[in-house]
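Comments concern the structure below.
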Amino acid sequence: LFTANGGRGPGSLSDDVFYVPGRGAAPMDPDEDVDQANKAALMAGAGKFLPWEAFYNDTVNGEIMASPRNLERQYSDWVRDISEKTDRRKAQDKAMAERKAAGEGVQAAEAKGDGDGKREEPAALKPVFESLAEVRSVLSFPFVLEPAVKAQILNLDAELQMRHQFRQEMDIAIQTSIFSGTREPARVDPYMHLNVGRDTIVRDTLDQVVLMPDFFFKKALRVQFRGELGVDEGGVQKEFFQIIMRELLHGNYDIFCKYGDDTLLFFNPDSMEEAPTFELIGILLGVAIYNGIILDLPFPLFTYKKLLGEPEVKLTLADLKAIKPEVAKSLEAYLAMDPTDADAMEQTWCLTYESFMFGERSVRSVPLRPDGEDTVVRAEERQAYVDAFVHWWLVDSVKPSFEAFKRGFRKVCGGRILDFFRGEELELLICGNPTLNFEDLEEAAKYADGYTEGSAVIRNLWVVVHSLGEEQKRAFLKFVTGSDRAPIRGLGSLNIVVSKNGGDSERLPTSHSCFNHLLLPEYRTIEKLRDRLLLAIQNAEGFGLR
């Protein structure tokens with residue numbers, strides 16, 4: 001299972017399923033591509049197929065998460081595995097080239113009649129890892145790691161890079177102080193600072209980000225809203241991301257189009273925004289990941305696949321269906337037509353769509369091949385037409401803007417660790433767990449300053465919270481934690497604390513969202529608690545007195 005295809009695991013991480021050979025199945029050729037083996041086995045009905053989530057290993061994940069030392073040791077061993085794997089891969093490539101050259105030499109000799117009829121068989125290639133005993137770290141098999149563990153690895157990788165960069169900056173500062181004759185070296189700031197206004201948040205952020213070197217983006221973020229007293233210990237940056245993403249995604253910009261009953265966003269093929277704006281969104285995405293901020297980013301799944309994949313990642317009609325279900329349904333019907341009926345349609349090699357620019361709607365026609373407007377699609381060309389249709393909509397139409405977005409994201413999150421993730425896992429990392437289980441939140445809550453689980457006001461608090469509607473529950477979560485989203489492992493992984501904040505009074509509940517800390521007066525009645533809590537959570541934007 002693990003040594004198939006030279007130690008790359010049981011299958012490509014782009015697959016939806018992994019192939020597990022059945023009993024008595026022939027061993028796999030080390031030179032054979034795993035993707036092709038999977039597909040061939042599927043067609044033959046050999047072995048069995050499991051969903052990718054089935055490969056998560058609770059024991060492995062629990063051991064890694066048990067202590068930072070375990071994670072650091074696995075990471076260090078993985079770096080050594082990568083180094084050794086790279087060296088062996090180079091040796092393997094060299095051996096492949098020698099085999100090819102030897103084969104071509106024999107063929108040339110036989111063609112000239114100089115051959116003696118004997119051909120020396122080259123030695124068989126060995127897999128990169130011949131046995132599990134040669135692999136030091138379980139991180140070399142990322143398909144057994146759940147998204148929360150991969151997120152921890154990503155943060156550790158960023159932290160180690162920042163330590164290295166910090167040491168370099170300190171060395172430069174010390175050398176500069178020595179040569180300049182100053183007594184103390186210049187201070188090296190470990191933070192990425194942003195000073196923004198609420199009404200000019202996008203422009204302020206862009207003006208500051210374009211002046212920063214790339215390594216700044218992996219520093220811990222500190223945000224200051226101009227004219228406000230909030231000190232950023234986590235809560236201010238959460239609100240910063242919510243406001244700026246709301247402006248970029250839903251404000252007066254034509255960056256994205258709404259799809260799927262306005263529940264999904266994808267890049268606008270007719271956007272007039274320049275590349276730096278898209279690059280900023282990508283950078284913000286990466287900075288949010290490294291600062292543990294969960295975003296409400298309603299992109300379709302294939303967007304995350306494109307972020308992880310090569311520039312020409314293969315997208316299909318199923319991906320188009322996510323944003324244009326009716327169009328995808330029509331294309332499926334076109335493919336299923338009788339060839340005679342398909343030819344009778346006289347579909348040309350072009351597509352049309354409704355464009356909205358400068359406040360006016362218009363219909364645009366796009367040729368999918370040279371002279372596409374005048375060339376009819378033959379019945380046997382339907383699949384090629386559909387492939388070209390999908391490729392234009394999801395790739396070509398948004399290529400400049402998406403490449404700028406991806407470039408910004410890779411400035412922050414580029415590297416080998418990102419290859420650990422699948423598209424679904426990256427979506428979880430960025431957008432959090434879609435399930436909001438408030439029973440788990442109640443079970444994980446802690447109490448302080450005189451409150452206990454059995455306190456009357458605490459019992460009333462959870463009765464009120466559980467009775468709220470979905471939007472009100474999200475507002476409560478945002479009031480306490482600074483975010484209305486759940487982390488990867490769900491609300492049970494949040495460490496919220498509820499503290500007593502005086503006796504019964506007319507004061508509103510308050511919170512330290514940086515620390516997930518709710519300060520609750522000891523209200524005598526559940527009605528008063530409900531009234532005060534709802535008033536607080538409905539007016540919970542901003543820091544300090546305004």
Side-chain angles (χ1 to χ4, degrees), residues 14 35-36 39 253-260 264-279 281-282 299-407 423:
S14 64
D35 288 342
Q36 295 302 319
K39 292 169 185 174
Y253 295 86
D254 64 345
I255 297 174
F256 300 104
C257 289
K258 294 181 179 181
Y259 296 99
L264 288 177
L265 296 176
F266 190 57
F267 292 78
N268 181 0
D270 300 316
S271 176
M272 300 299 291
E273 285 294 327
E274 298 181 351
T277 304
F278 291 99
E279 193 166 322
I281 299 173
F299 287 157
L301 176 59
F302 66 79
T303 308
Y304 301 100
K305 293 180 181 179
K306 283 164 64 71
L307 267 180
L308 293 173
E310 297 300 321
E312 298 300 322
V313 62
K314 178 67 174 176
L315 298 177
T316 67
L317 196 56
D319 296 307
L320 182 66
K321 188 178 293 186
I323 61 171
K324 288 188 163 293
E326 294 301 323
V327 173
K329 186 177 180 180
S330 298
L331 291 172
E332 287 173 344
Y334 180 50
L335 289 173
M337 271 184 187
D338 182 90
T340 304
D341 294 334
D343 282 335
M345 285 185 62
E346 296 188 348
Q347 170 66 50
T348 59
W349 279 90
C350 65
L351 63 83
T352 57
Y353 73 98
E354 189 176 52
S355 172
F356 186 76
M357 294 179 64
F358 307 113
E360 296 184 1
R361 295 185 182 275
S362 61
V363 177
R364 292 188 59 191
S365 180
V366 180
L368 298 177
R369 62 163 54 174
D371 299 323
E373 303 97 326
D374 303 318
T375 307
V376 174
V377 180
R378 298 193 300 271
E380 61 271 20
E381 297 175 322
R382 284 177 291 173
Q383 186 62 59
Y385 169 77
V386 170
D387 291 344
F389 189 106
V390 171
H391 190 270
W392 186 87
W393 257 112
L394 305 185
V395 180
D396 288 344
S397 69
V398 298
K399 194 166 189 176
S401 53
F402 187 85
E403 286 305 307
F405 167 70
K406 182 176 180 180
R407 184 167 59 251

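We number each residue from 1, following the sequence as shown.
Side-chain contact between Lys258 and Leu265 is present, with heavy atoms from C-beta onward closer than 4.5 Å. Annotation: side chain of Pro269 is in contact with side chain of Trp393 (closest heavy-atom distance under 4.5 Å). Side-chain contact between Val398 and Phe405: absent, with no pair of heavy atoms (C-beta onward) separated by less than 4.5 Å.
Here the closest non-hydrogen pair linking Ser365 and Pro367 is O-CD, 4.0 Å. Considering every non-hydrogen atom in both Ala379 and Ala342, the closest pair reads CB-CB, 4.4 Å.
Note that the CD atom of Glu381 and the CD atom of Gln383 stand 12.0 Å from one another [nearest 0.5 Å]. Remark: Tyr353 OH to Trp392 CH2 distance equals 4.0 Å, nearest 0.5 Å. Between atom OG of residue Ser397 and atom NE2 of residue His391 there is a gap of 10.0 Å, rounded to the nearest 0.5 Å. Taking CG of Leu308 as the reference point, atom OG1 of Thr303 lies at 11.0 Å (rounded to 0.5 Å). Here the CH2 atom belonging to Trp349 is positioned 9.0 Å from the CZ atom belonging to Arg378, to the nearest 0.5 angstrom. A distance of 8.5 Å separates CG of Leu368 from OG1 of Thr348, quoted to the nearest 0.5 Å.
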- Give the intermediate values and the outcome of side chain to side chain contact (heavy atoms under 4.5 Å, CB included) for residues Tyr334 and Val377. CA-CA 11 Å; Tyr334 180 50; Val377 180; 3.6 Å; yes

Throw together a table of side-chain donor-acceptor distances under 3.5 angstrom for residues 323-332, partners on residues two or more places apart or in other chains.
{"unit_1": "Ser330", "atom_1": "OG", "unit_2": "Glu326", "atom_2": "O", "d": "3.1"}
{"unit_1": "Glu332", "atom_1": "OE2", "unit_2": "Lys321", "atom_2": "NZ", "d": "2.9"}

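In this structure, Lys306 contributes its side chain and Leu394 its backbone to a donor-acceptor pair below 3.5 Å. The closest donor-acceptor contact from the side chain of Asp343 to the backbone of Thr340 lies at 3.5 Å or more, if one exists at all. Here the side chain of Arg382 pairs a donor or acceptor atom with the backbone of Met337 at under 3.5 angstrom.
In this pair, Phe402 and Phe267 present their aromatic rings perpendicular. The plane angle is above 60°, beyond the 30 to 60° band. Ring orientation note: the planes of Phe256 and Phe278 are nearly perpendicular, at an angle over 60° on the 30°/60° scale.
Between the side chains of Tyr385 and Gln347, at least one donor N or O sits under 3.5 Å from an acceptor N or O.
Heavy-atom neighbours of Asp371 CG from other residues, nucleotides or ligands within 6.0 Å: at or below the threshold of 12.
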